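For this chain, numbers begin at 1 and follow the sequence in order. This one's a predicted model, so the numbers in the text were calculated from it and none came from an experiment. What's counted below: heavy atoms across the whole structure, side chains too, no hydrogens, waters or symmetry copies.
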Amino acid sequence: MRPRPGDGIVSATGPRHEETRTTTTTTTPGTAARPAPATGPDLLRKVLRIDGWSTAAFGVLMLAGGKPLSAPLGIPTAWSTPIGLAMPGGAAALALIAGCPRIPIGPTTAVIAGNTLSSAALLLLTLSHLLPLTPLGTAFLLIGAVVVAVYAALEYVGLRRYLRTAPGQN
């Protein structure tokens, strides 16, 4: 069988010379090969929602697992309980912000600042030796710091895109 333009490539394989057809995809100049990046509102809402759900999950983990995780992590329950109690409130705030028809700039900026400060606090807490952290606890807090910093960065990027696509928002 002879290949025709646009049909792909025809080849014979195996002992019985079965035909296989491979289709190739080409793009014309100016055509995006990847999906377009998420627009400001889409990216910002998505990251705020994911941040909210993970904040709620972390709160539940700290409340329900505070006592059993205290020994392996070295985080006293006197620390994990208040942190766990605060997280659902933060998660609810994130859900409210993400659910607004027009994402409010002030509260979103506060979320970014809060995440940035939380990331720094987790790093300082790890390095200060204020808590009797185990190696697993140190890794736990360092991973938490990185995750929160990533949320802050993605929310910042999302807010910048949002401000470009929706000028005059407050």
Side-chain angles (χ1 to χ4, degrees), residues 6 8 22-66 69 73 75 79-131 133 135-170:
T22 306
T23 305
T24 57
T25 305
T26 58
T27 59
T28 57
T31 304
R34 293 187 221 177
T39 62
D42 295 338
L43 174 64
L44 187 54
R45 276 186 213 287
K46 185 179 288 185
V47 175
L48 286 168
R49 285 184 178 134
I50 294 169
D51 189 359
W53 281 107
S54 66
T55 298
F58 183 73
V60 169
L61 174 71
M62 294 310 291
L63 277 175
L69 290 174
L73 297 179
I75 300 173
W79 283 72
S80 60
T81 301
I83 291 169
L85 288 172
M87 295 294 107
L94 288 162
L96 287 171
I97 294 167
C100 288
R102 295 174 118 178
I103 300 172
I105 307 301
T108 303
T109 303
V111 167
I112 296 166
N115 279 344
T116 303
L117 290 172
S118 293
S119 179
L122 286 169
L123 284 174
L124 288 173
L125 190 58
T126 303
L127 299 174
S128 71
H129 302 290
L130 183 64
L131 297 176
L133 296 174
L136 184 60
T138 299
F140 180 76
L141 290 186
L142 289 175
I143 290 168
V146 169
V147 168
V148 175
V150 168
Y151 283 140
L154 290 172
E155 288 158 349
Y156 177 77
V157 168
L159 181 60
R160 296 276 309 225
R161 289 182 186 174
Y162 178 64
L163 292 174
R164 276 198 307 259
T165 60
Q169 294 289 319
N170 3 11

Open item on the list: To the nearest 0.5 Å, what is the distance between NZ on K46 and CG on L48?
Closed with: 12.5 Å
Open item on the list: If I take atom CD1 from residue I83 and atom OG1 from residue T81, how far apart are they, to the nearest 0.5 angstrom?
Closed with: 9.0 Å
Task: Non-neighbouring partners of V147 that pass side chain to side chain contact (heavy atoms under 4.5 Å, CB included), sequence neighbours left out - done: I143, Y151
- [ ] Any chance you could measure L85, atom CG, to L63, atom CG, to the nearest 0.5 Å?
- [x] 5.0 Å
Open item on the list: To the closest 0.5 Å, what do you measure between CG (L61) and CE (M87)?
Closed with: 11.5 Å
- [ ] Could you pull out all residues at least two apart from V60 that satisfy side chain to side chain contact (heavy atoms under 4.5 Å, CB included)?
- [x] none
Open item on the list: Nearest 0.5 angstrom please: T108 OG1 to L159 CG, how far?
Closed with: 6.0 Å
Open item on the list: Rounded at 0.5 Å granularity, tell me how far CD1 in I50 sits from OG1 in T55.
Closed with: 11.5 Å
- [ ] Would you confirm whether R45, through its side chain, and C100, through its main-chain N or O, come within 3.5 Å as a donor-acceptor pair?
- [x] yes
Open item on the list: A side-chain contact here means heavy atoms from C-beta on lying under 4.5 Å apart; do L131 and L73 qualify?
Closed with: no
Please set out all donor-acceptor pairs under 3.5 angstrom arising from side-chain atoms of residues 115-125, sequence neighbours excluded.
from	atom 1	to	atom 2	distance (Å)
N115	ND2	D51	OD2	2.9
N115	ND2	E155	OE1	2.9
T116	OG1	I112	O	2.8
S118	OG	G114	O	2.8
S119	OG	A145	O	2.8

Open item on the list: I'd like to know whether OH of Y156 has more than 12 heavy-atom contacts from other residues, nucleotides or ligands below 6.0 angstrom.
Closed with: no
